[in-house]
There are 2 protein chains.
Amino acid sequence: MALAQKTFGRLSLYRHILDTLLAEGTRSLFSHELAQLAGVTAAQVRRDLMPARITGSPTKGYEIRALVHAIGGLIDARSPESAVLVGIGNLGRAILAHFHGRNPKLSIVAAFDDDPTKVNRILHGTVCYPLDDLPTTVRDQGIRIGIVTVPAAAAQTVADLLVQSGVTGLLNFAPVRLQLPANVYLEEIDFGMSLEKVAYYTRGRVAKGGR
Amino acid sequence: MALAQKTFGRLSLYRHILDTLLAEGTRSLFSHELAQLAGVTAAQVRRDLMPARITGSPTKGYEIRALVHAIGGLIDARSPESAVLVGIGNLGRAILAHFHGRNPKLSIVAAFDDDPTKVNRILHGTVCYPLDDLPTTVRDQGIRIGIVTVPAAAAQTVADLLVQSGVTGLLNFAPVRLQLPANVYLEEIDFGMSLEKVAYYTRGRVAKGGR
DNA sequence: GTCACATTGTGAATCTGCTCACGATATGGC
DNA sequence: GCCATATCGTGAGCAGATTCACAATGTGAC
């Protein structure tokens, strides 16, 4: 029933690529073209699209508009969803800016910080509140998604607060492994690990003429 | 010979957790304890540690200091490595702050931007230069790792510039799929996709009493 | 010194996801 | 209208990663 995480990630990527192509005026493409743009194989693309139950033509490929719509049907919510962000530092601001006005189905509706100088204003279209207001805001608006961009030391406390307030999905940027109840979905992004990975797999590669 | 990407990611995570434990004064632990903290199974931990050729005791578990050292031997470079960052926006600044003084073996040594008001100063210990200086700096210092935090529209151009200057590993934060020669290692972090993923897997979860 | 015990290290089985390869199919050329 | 062609949709096979399960091991209790 539910999509595998890897499949989901690729579908989201395909849609993003297809949106860009649509904006450029392209109307249709073949599986191998999308594959090339996404960095996967053509067979992978076709397999990923199976649950979308969309069908392409051997001579024209897939109609992009239909494809985007079908992918949306698989991965989007029926009704718009809201998220909150906690931690209005550089990273928090970058994320607010990034998402502002980007996706009407999924938006950040409030930001929180315990620093009084950072709150009670609007940043990139998002209202900023003191941290104390978090529980009531989240509860009253029935918000289910939280984004954690506070320093490592505060992350577990903030995550607990979010979960107690009713959040069941978290996106954590703090470099700590959060311990959460099993009913909460957790996605972690760790810059440090990513950079170490790049460093590791970069070693031994040859610049220029390598293949 | 080379570690699988998934194994690498977990080893990096284990080390981070173990570093934290060491700082708290813990000296040894069992595979199931590390597993719990990392969110994986005990068998997974033991299997991941096989290439480290470290051996634990049935009664004491693993000696943490030795473990950290052994993992370092697997994933760290022999000599210190340097990276450069391009795009001094909120995200770029957040990343500079994040890495400043964190890892002596892997540091960001220069940042670039094409906005003249952002350069010729030091930010979180990193010197900021105009974009025009990038090729010579990267070439002269033999830098192999680049971090891209520019807007989507500029990302491909910046990536090409980095690769031409000799970089063979990229960490890309811009929401575009970069097209690069096969000899360049590419790691992409896409906030939009991550948030969509959280939203998707959060749906249908029940707050509170769930298990 | 011996026993009981909990944990380690790892071969084997399992599971998940990816690729292969091929019959089915839609279209343009003649 | 029919043929040649390139791509689609998907069952089957394959590869890589995870879990299982158990013999080997080291230590503390007595």
Side-chain angles (χ1 to χ4, degrees), chain A residues 1-14 18 21 26-71 73-75 182 193 197 200-201, chain B residues 1-14 18 21 26-71 73-75 182 193 197 200-201:
Chain A
M1 189 67 241
L3 260 27
Q5 291 206 23
K6 294 197 163 189
T7 307
F8 180 94
R10 285 190 301 267
L11 285 172
S12 168
L13 171 61
Y14 299 157
L18 294 169
L21 289 176
T26 315
R27 298 309 216 71
S28 64
L29 49 37
F30 296 113
S31 62
H32 66 262
E33 297 176 305
L34 180 53
Q36 210 270 317
L37 293 169
V40 301
T41 68
Q44 180 78 76
V45 167
R46 295 201 299 274
R47 181 140 317 256
D48 287 338
L49 293 179
M50 282 177 67
R53 314 228 112 267
I54 198 128
T55 177
S57 133
T59 43
K60 303 284 188 177
Y62 300 92
E63 212 257 292
I64 297 184
R65 198 174 297 276
L67 210 45
V68 168
H69 188 260
I71 294 175
L74 284 180
I75 74 183
M193 180 189 303
K197 207 169 184 179
Y200 181 81
Y201 290 103
Chain B
M1 187 71 241
L3 260 29
Q5 291 206 22
K6 294 197 163 189
T7 308
F8 180 93
R10 285 190 302 266
L11 285 172
S12 168
L13 170 63
Y14 298 158
L18 294 169
L21 289 176
T26 315
R27 298 308 216 72
S28 65
L29 49 37
F30 296 113
S31 63
H32 66 262
E33 296 175 305
L34 180 52
Q36 210 270 318
L37 293 169
V40 301
T41 66
Q44 181 78 78
V45 167
R46 296 200 300 274
R47 182 142 314 256
D48 288 337
L49 293 179
M50 282 178 67
R53 315 226 109 265
I54 198 128
T55 177
S57 133
T59 43
K60 304 282 187 175
Y62 300 91
E63 212 256 293
I64 296 184
R65 197 174 299 275
L67 210 45
V68 168
H69 187 261
I71 294 175
L74 284 181
I75 74 183
M193 180 189 304
K197 206 170 185 179
Y200 182 81
Y201 291 102

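As the structure is a computational prediction, the values presented were derived from the model and not from experiment. Each chain gets a letter, A, B and so on, in the order its sequence line appears, and its residues count up from 1.
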How close or far is atom [atom2] of [N] from atom [atom1] of [X], stated in whole angstroms?
| X | N | atom1 | atom2 | value |
| --- | --- | --- | --- | --- |
| A/Ile54 | D/dT7 | CD1 | C1' | 16 Å |
| B/Phe30 | C/dG9 | CZ | P | 12 Å |
| B/Glu33 | C/dT8 | CD | C1' | 14 Å |
| A/Met50 | D/dC8 | CE | P | 14 Å |
| B/His32 | C/dA6 | NE2 | P | 11 Å |
| A/Leu29 | D/dT7 | CG | P | 12 Å |
| B/Arg53 | C/dT8 | CZ | C1' | 14 Å |
| A/Leu34 | D/dT7 | CG | P | 14 Å |

Check whether any side-chain N or O of [X] sits under 4.0 Å from OP1 or OP2 of [N], and answer yes or no.
| X | N | answer |
| --- | --- | --- |
| A/Lys60 | D/dC8 | no |
| B/Tyr62 | D/dG26 | no |
| A/Thr55 | D/dG9 | yes |
| A/Thr59 | C/dG28 | no |

Any pair counted as ring pair (Phe, Tyr, Trp, His ring centres under 6.0 Å), so long as it reaches residues 29-60 of chain B, sequence neighbours left out: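 The answer is B/Phe30-B/His32.
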If the sugar-phosphate is the primed atoms plus P, OP1 and OP2 and the base is the rest, what is the B/S/- string for nucleotides 14-25 of chain C, using protein heavy atoms under 4.0 Å? ---SSB-B---B
For A/Arg46 and A/Tyr62, which heavy atoms make the closest approach, and how far apart are they?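 Reported closest heavy-atom pair: CG-OH, 3.8 Å.
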I'd like to check A/Lys197 versus A/Met193 (side-chain heavy atoms, cut-off strictly below 4.5 Å). Are they in contact?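 SC-SC contact between A/Lys197 and A/Met193 ruled out.
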For a 4.5 angstrom cut-off between non-hydrogen side-chain atoms, does B/Leu11 reach A/Tyr200?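 In short, these two side chains do not touch, never coming nearer than 4.5 Å.
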For B/Gly9, is there any backbone N or O sitting under 3.5 Å from a side-chain donor or acceptor partner on B/Tyr14?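 A pair under 3.5 Å: no.
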B/Thr26 side chain to B/Ser28 main-chain N or O, any donor-acceptor pair under 3.5 Å?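 Judged by distance alone, no pair lies under 3.5 Å.
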With respect to A/Ile54, which candidate in A/Leu74, A/Leu67, A/Ile71 satisfies the side chain to side chain contact (heavy atoms under 4.5 Å, CB included) definition?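 One option only clears the test, and that one is A/Leu67.
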